[in-house]
Amino acid sequence: MATTKTDLRARIFTPRALPTRLVTSRHMPDVTIEIRTLTYGARAALVRSCKDEETGDIDGIQLTFAALIACAFDPESGEQVFTKGDVEQVEGLPSVLLDDWAFPALELNGLAPDAVRAAVGNSEATPSSSTSSSSSLEESAVAP
């Protein structure tokens, strides 16, 4: 039987779980956070919020903090770990700790530097798929 437009739309818009990643920093091994994938609209808003209106450039440092704040959740309670009001406190954490948490948030949401350029330039950039894992990124990770 052929798929109708209505059937296809129903399948597309059926709520489903988005990819997540459990991340345990090598610098704080007793803390695991869940990094969640943003919806396309939330990701687009995040990128726009970090875009310089005059130059059109993305502020990579601002994007790193914004992605971590938006994507970090407590895996047990499901509550968001950080809020926009926590920026100063998050900025005060050790950079190696933030790298371990923020880079997976950028990667999982297709916000690594090349993906950001693509997302700003066209609508073909999509979040990468991921499996849940306990990991940290090594020194080879791309800096924002």
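Numbering starts at 1 and runs along the sequence shown.
Taking 4.5 Å as the limit, every side-chain heavy atom of Thr20 sits out of range of all side-chain heavy atoms of Thr37. Residues Asn109 and Cys71 are in side-chain contact: their nearest non-hydrogen atoms beyond the backbone lie under 4.5 Å apart.
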| task | I would like to know whether Phe82 and Phe73 meet side-chain contact (heavy atoms from CB on, under 4.5 Å); could you show each step before the answer? | result | CA-CA 8 Å; Phe82 306 111; Phe73 288 80; over 6 Å; no
| request: Apply side-chain contact (heavy atoms from CB on, under 4.5 Å) to the pair Leu68 and Leu63, showing each step before the final yes or no. | output: CA-CA 8 Å; Leu68 177 59; Leu63 181 64; over 6 Å; no
| field | Test side-chain contact (heavy atoms from CB on, under 4.5 Å) applied to Met28 and Trp101, step by step | value | CA-CA 10 Å; Met28 193 177 283; Trp101 290 339; 4.1 Å; yes
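One finds the CG atom of Asp100 at 9.5 Å from the OG1 atom of Thr24 (value rounded to the nearest 0.5 Å). Taken from CD in Glu76 to CD1 in Ile33, the straight-line distance is 13.5 Å, to the nearest 0.5 Å.
Contact between Leu108 and Ile35 at its shortest, heavy atoms only, is CD2-O, 3.4 Å. Considering all non-hydrogen atoms of both residues, Leu106 and Ala67 come closest at CD2-CB, 3.7 Å.
In this structure, Asp74 contributes its side chain and Val81 its backbone to no donor-acceptor pair below 3.5 Å. Side chain of Glu107 to backbone of Ala102: no donor-acceptor contact under 3.5 angstrom is found. At least one donor-acceptor pair closer than 3.5 Å links the side chain of Asp86 to the backbone N or O of Thr83.
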Enumerate donor-acceptor pairs with a distance under 3.5 Å from any side-chain N or O in residues 87-98 to protein atoms, sequence neighbours excluded.
none

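Taking Thr6 as the reference, Thr4 meet the side chain to side chain contact (heavy atoms under 4.5 Å, CB included) condition, with sequence neighbours excluded.
Salt-bridge check for Arg36 with Glu34: passed, with a basic side-chain N closer than 4.0 Å to an acidic carboxylate O. Between Lys51 and Asp57, no side-chain nitrogen of the basic residue sits less than 4.0 Å from a carboxylate oxygen of the acidic one, so the salt-bridge criterion is not met.
Evaluated for a side chain to side chain contact (heavy atoms under 4.5 Å, CB included) with Ile61, the options Thr64, Ile58, Asp59 yield exactly one hit, Asp59.
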